Amino acid sequence: MATALWIVAAVVAVAVIVWRLRRANTTLETILREERERTEPVDTEPGDDEGPEAELAEPDDQPHSVGRQRWRH
């Protein structure tokens, strides 16, 4: 009888964990979808030969938005 209670408790615990993870995944997908809809696509000028990739070629020497580390060459 005690073994059956432990098994039922374990199944309930797993079910709660799975339910919370699915809920978190749905929330994350909603946030990411809204963020994609909120951002505007980058427009390039007709005479611009470098395109948006040129901005990513050289890193900024500005502190990261989260920490205070700087890019070091």
Side-chain angles (χ1 to χ4, degrees):
M1 181 72 177
T3 304
L5 290 176
W6 280 109
I7 291 173
V8 169
V11 168
V12 169
V14 168
V16 168
I17 291 171
V18 168
W19 175 71
R20 298 223 22 205
L21 285 174
R22 289 184 58 149
R23 213 171 115 202
N25 186 37
T26 304
T27 303
L28 179 63
E29 287 177 355
T30 302
I31 291 170
L32 292 175
R33 184 183 69 243
E34 289 174 356
E35 192 65 25
R36 280 192 301 267
E37 291 172 357
R38 189 176 67 89
T39 58
E40 298 177 8
V42 177
D43 294 331
T44 57
E45 296 178 9
D48 190 11
D49 294 333
E50 295 176 331
E53 294 83 18
E55 295 176 11
L56 300 175
E58 296 182 24
D60 277 344
D61 195 20
Q62 300 295 323
H64 193 270
S65 62
V66 175
R68 295 179 182 254
Q69 296 89 4
R70 292 185 181 262
W71 182 268
R72 300 185 188 209
H73 298 286

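Predicted model only: the values in this text are computed from it and were never measured. Numbers here are sequence positions counted from 1.
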Inset, instruction - List in chain and number order the residues that pass side-chain hydrogen bond (donor to acceptor under 3.5 Å, both in side chains) with E35, two or more places apart in sequence or in another chain; answer none if no residue qualifies. - result: R38
Distance-only donor-acceptor pairs under 3.5 Å for side chains of residues 26-33, two or more places apart:
unit_1, atom_1, unit_2, atom_2, d
T26, OG1, R22, O, 2.9
T27, OG1, R23, O, 2.9
T30, OG1, T26, O, 2.9

Legend entry - ILVMFWY cluster membership beyond V18 - transitive side-chain contacts under 4.5 angstrom: V14
Inset, instruction - Give me the other members of the hydrophobic cluster that I17 sits in, counting Ile, Leu, Val, Met, Phe, Trp and Tyr linked by side-chain heavy atoms under 4.5 Å, directly or via other members. - result: L21
